[in-house]
Amino acid sequence: MKYQMNFTTSLDDVTRFTSAEDLRQFYKEHGCDGLEVMPLAYSTKEAPEAYQEADACPLIQPYMATGVHCCCLQDWMGQSREELIAHYRKDLDYASRMGAEYVVFHVVQVDGEESFTYQRKHTNREVIDAAAAFINELLDGQDYHFWFLMENLWWPGLTFENQEDTQALLTQVHYEKKGFMLDTGHYLHTNLDLRDQEEAVDCLHQMLDNHKDLIPYIKGIHLQQSLTGEYVKQWLADAPHELPEGPAESFRVVYEHIFQLDRHEPFTAAGVKGLVERIDPLYVTYEYITRSREELAEYLERGRLENI
């Protein structure tokens with residue numbers, strides 16, 4: 001089992017570290033073997049607007065990147081297939097250059113209006129079928145060697161709420177080294193009545209009970225928790241919510257809402273270690289949203305399995 005921390009090539013993350021060795025010593029100190037990298041546009045403190053390709057980031061060396069998290073598009077089903085293929089091939093090729101052992105791909109379809117109003121426009125199976133067809137188009141005939149791990153969210157797509165839907169996704173995808181990246185916090189958003197982390201662990205075990213035959217395909221875990229059911233209930237009670245007309249303002253309010261909902265905080269309940277042992281994945285990524293190097297260090301220590 002390998003342990004990673006999530007890391008992006010964005011300005012907020014890269015300015016926390018002074019060199020590749022500084023970054024490597026940091027994640028080693030906090031119990032990680034490497035990084036799960038999201039290859040966003042790279043820039044520096046001196047030139048914050050001078051965006052470059054992720055490869056330009058001097059902090060990330062190939063031996064560091066155990067995994068690569070694709071820059072996933074949530075609202076994609078109506079977009080140009082050619083442009084989508086180009087978008088994802090860029091990230092997959094980056095993963096190959098970095099020698100990554102796995103990549104992460106969201107199986108979801110949600111637009112800004114849906115995420116804001118909770119009025120779904122697709123069923124889970126519709127998104128799963130469309131995503132499987134796209135994944136096959138993306139991967140068929142390609143000479144990739146990494147695991148392709150499909151991640152759950154709580155919007156239409158892969159949610160782990162229904163075993164038949166999960167199996168349908170796995171069956172339809174052709175790629176041999178396929179599996180799942182279980183995001184524990186994302187799954188918890190499917191149950192708005194959870195009150196504490198102990199109930200969250202029980203909820204995840206119930207999901208595994210319903211997916212017993214598919215547990216061996218869970219090759220990775222994004223280990224985090226986000227118990228925001230009360231926030232969502234209040235949000236729904238205050239409906240209707242309307243998006244601003246301007247695209248920039250619309251984007252801002254949607255993401256402010258999502259960050260209130262999807263907190264990505266340490267999962268520290270006593271039962272978390274047993275949950276991970278039951279799944280026995282190849283990879284565990286501590287995936288957090290933090291505001292500073294100091295807060296990241298605090299989260300990594302609190303959520304570290306050996307400390308629970």
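Everything numeric here is computed off the predicted structure, so don't read it as measured data.
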Hydrophobic cluster partners of M38 (side-chain heavy atoms under 4.5 Å):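 Its cluster mates, by chain and number, are L40.
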Are side-chain N/O atoms of [X] and [Y] paired as donor and acceptor at under 3.5 Å?
{"X": "R304", "Y": "T268", "result": "no"}
{"X": "T159", "Y": "N152", "result": "no"}
{"X": "E161", "Y": "T190", "result": "no"}
{"X": "N6", "Y": "H69", "result": "no"}
{"X": "T171", "Y": "Q167", "result": "yes"}
{"X": "H211", "Y": "Q163", "result": "no"}
{"X": "H222", "Y": "Y187", "result": "no"}
{"X": "D238", "Y": "Q234", "result": "yes"}

List the steps and the verdict of salt bridge (charged side-chain N to carboxylate O under 4.0 Å, His left out) for D12 and R291. CA-CA 8 Å; D12 285 346; R291 292 162 291 188; over 6 Å; no
Decide if the gap between the ring center of [X] and the ring center of [Y] is smaller than 6.0 angstrom.
{"X": "Y288", "Y": "Y299", "answer": "yes"}
{"X": "Y102", "Y": "Y283", "answer": "yes"}
{"X": "W154", "Y": "Y118", "answer": "no"}
{"X": "Y286", "Y": "F267", "answer": "no"}

Around atom CD of E83, are there more than 12 heavy atoms of other residues, nucleotides or ligands at under 6.0 Å?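 Count not over threshold, so no.
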Tell me whether Q61 contacts the main-chain N or O of P58 through its side chain, where contact means a donor paired with an acceptor under 3.5 Å.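 Confirmed, Q61 side chain pairs with P58 backbone.
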Under a 4.0 Å N-O cut-off, is there an ion pair linking K2 with E101?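 Salt bridge: yes.
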Check this for me, if you would: do E114 and R120 make a salt bridge, where the nitrogen-to-carboxylate-oxygen distance has to be below 4.0 angstrom?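 No, E114 and R120 are not salt-bridged.
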Residues two or more places apart in sequence or in another chain: which of them pass salt bridge (charged side-chain N to carboxylate O under 4.0 Å, His left out) with E46?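 Listed in chain order: nothing, the list is empty.
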What side-chain donor-acceptor pairs closer than 3.5 Å can you find for residues 25-35, not counting sequence neighbours?
{"residue": "Q25", "atom": "NE2", "partner": "E21", "partner atom": "OE2", "Å": "3.0"}
{"residue": "H30", "atom": "ND1", "partner": "E301", "partner atom": "OE2", "Å": "2.8"}
{"residue": "D33", "atom": "OD2", "partner": "Y3", "partner atom": "N", "Å": "2.8"}

